[in-house]
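Notes follow the structure.
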2 protein chains.
Amino acid sequence: MVKRSETSGRLDDAARAGWLYYVAGRTQDEIASSMGISRQSAQRLVSLAVAERLIKVRLDHPIAACLELANAVREKYGLRQVDIVPSDPGAGATTVGIAEAAAAEIERWLKKTDPIVLAVGTGRTLKAAVDQLPAIECINHRIVSLTGNIAPDGSAAYYNVIFSMADAVKARHFPMPLPVLVTSAEERETLHAQQLVRSTLDMSAQADVTFVGIGELGIDGPLCVDGFLEKGEMMELMDNGAVGEICGWIFDSEGKLLDNPINERVASAPIPSRDTSVVIGIGKGKRKMKAIKAAVTGHQINGLITDEEVAEYLLT
Amino acid sequence: MVKRSETSGRLDDAARAGWLYYVAGRTQDEIASSMGISRQSAQRLVSLAVAERLIKVRLDHPIAACLELANAVREKYGLRQVDIVPSDPGAGATTVGIAEAAAAEIERWLKKTDPIVLAVGTGRTLKAAVDQLPAIECINHRIVSLTGNIAPDGSAAYYNVIFSMADAVKARHFPMPLPVLVTSAEERETLHAQQLVRSTLDMSAQADVTFVGIGELGIDGPLCVDGFLEKGEMMELMDNGAVGEICGWIFDSEGKLLDNPINERVASAPIPSRDTSVVIGIGKGKRKMKAIKAAVTGHQINGLITDEEVAEYLLT
DNA sequence: ACTGTGGTTGAGTAATTGCCCATGAGCAAA
DNA sequence: TTTGCTCATGGGCAATTACTCAACCACAGT
């Protein structure tokens, strides 16, 4: 039995219980008696292990349907890489499944031995993916955020994922000390000219791989919900043909960045080159379908992680 | 509600069901209805996915390796219980880690409500473990020492752990009022025939659980250091194949007790039955490896608390 | 010392899952 | 066509697990 120091002891016990349950296949009763605790406590430890993401489950079998879809989507849109996860008919717009898949992909990159620059955008889906990451130590890599970490109300933006990532991944990380939207193009110029910002922007342009969430527009889309845009602004954007955004950059149904006042105020770094690096978009669900189709059509991204439902839509 | 065609393999369905169950966290009922099959079939698919190793579970925590080692050691040597603590490469032959683990295990037994007889041996490791015990009150239990409490020079032996234990644990405790080694087999008979000794011996034979240290031989081993044996005697023993001792009982590399004059002079109680009770050996470190391997091979013990280093050695 | 708060525990109970078994479909051999 | 075999199926039920709740404990702030 591993040492039972007060604080870390609980997680140790949780890990032990989780291992006995999932890996060794013991029942919770057996675990309880072997650890000298009650059955209920054993159950709690097991669910704690799950809640703390100590237990990672992955499916080691390419579901043929998903593979076929992935291939078809990749060919049709000329993408470098496509991952399709099964749709979960019950759960609606949640991040279940896609987060794990994205985390696995991120992990794959981080395990490379050669130093890489990994850029991340923002969004709930990406946040969920990052939360699935195990602890990794990769001193050689650098992680850079494409988007600002300051919310409209001045607080640190919750969905700025680089901080969550720093918790799990031991690597140098470079946040972007800017708001997401500034008040004018001129202000953006000024801010971007600062030395600190400048170097972060330069680094992001050299990213080897980039993970971004794909956001849909609409009055219940993230830009409105998180208070970046007013309802009125959103309606106007949509009237002008906007269908989605990546890191705040708004694009139309062809995937072309819109030439409008909002995009001039976006303080995010430009999306790294799709010619020389891998830019993987993450998103699923009916509401994001149009945005995703636009993003792949206009080559805002050259990699995609999504679900069956969206994949089938992309093929129609 | 997608009906699977027969052509798509059964394993695909299993993978899908397994994914929905383990990754998406749906119940088997939900999976059944979304795949258009009965709940039972869904259950079968899920267990098929597990049986076919489509589902891989891993524990993302440092103790995972220890648990796997423990399982492997337990199976290989047919032990009832094995605890492995992480090796601390910095600390050499100290009791760091293992003492806490052993204390936790002792505590677990003492917390039982049904009255038990707990027997203890001797040794530095066991002493360190007992020192880690918190104050416990357990009037119903009895604690009995297997070994004498009189050192070769006539003083009370420091490493007789039952007195340390009595400080922390409020329970009736029964030391063994004897030397560890007597001068001859005849003297042992005489002493053991005494009423007081007799009853303690009888009680030790009924122990529900026993904790013993595992001692290595050698001129810097405990038997020599504590003055029980002369250098010359030790060398002779080792020439005769002795590799370790438990409570003074010396055994060879197969774990068989040696049939020699020293063992005839050991005044300790016999090690309680490994068929009807739990006898947990405690020890770690390179120097004890051979002794530990012998003890588990010869079933001198049926439980083990050790460290990763020894566990790996045991598996070679 | 008092008290509220956060966290843990075991009991009880509802939900979920694992497994046995009778049934019947599919199929090859008689 | 019949027989015998295999195997998937769903019903039923026992085992197992998840969740709720009240009680309890430790502790920080009056």
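Atoms considered below: every heavy atom in the structure, side chains included; atoms not considered: hydrogens, waters and symmetry mates. The structure presented is a predicted model; accordingly, all values stated were derived computationally and were not measured. The sequence lines fix the lettering, A, B, ..., with proteins before strands; numbering per chain opens at 1.
Under a 3.5 Å cut-off, the side chain of A:Lys284 and the backbone N or O of A:Val85 do not form any donor-acceptor pair.
Residue B:Ser41 places at least one side-chain N or O under 4.0 Å from the OP1 or OP2 atom of D:dT9.
Taking A:Arg26 as the reference, nothing meets the side-chain hydrogen bond (donor to acceptor under 3.5 Å, both in side chains) condition, with sequence neighbours excluded. With sequence neighbours excluded, the residues satisfying side-chain hydrogen bond (donor to acceptor under 3.5 Å, both in side chains) with A:Lys286 are A:Glu309. Taking B:Asp29 as the reference, nothing meets the side-chain hydrogen bond (donor to acceptor under 3.5 Å, both in side chains) condition, with sequence neighbours excluded. Scanning for side-chain hydrogen bond (donor to acceptor under 3.5 Å, both in side chains) contacts around A:Thr316 gives an empty result, with sequence neighbours left out.
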What does the B/S/- profile of nucleotides 12-17 of chain C look like, 5' to 3', with a 4.0 Å heavy-atom cutoff to protein? B---SB

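As a whole-Å value, the separation of A:Asp13 CG from C:dT8 P is 12 Å. Between the C1' atom of D:dA15 and the CD1 atom of A:Ile31 lies a distance of 15 Å, rounded to the nearest Å. Atom CE in A:Met35 sits about 15 Å away from atom C1' in C:dT9, given to the nearest Å. Note: CG (A:Leu48) to C1' (D:dT17) measures 16 Å, nearest angstrom.
With hydrogens and angles left out, the side chain of B:Arg44 and the base of C:dG18 share no donor-acceptor pair within 3.5 Å.
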For residues 37-48 of chain A, please give each side-chain donor-acceptor pair under 3.5 Å, one per line with the distance, not counting sequence neighbours.
residue, atom, partner, partner atom, Å
A:Ser38, OG, A:Ser41, N, 3.2
A:Ser38, OG, A:Ser41, OG, 3.0
A:Ser47, OG, A:Gln43, O, 3.0
A:Ser47, OG, A:Arg44, O, 3.2

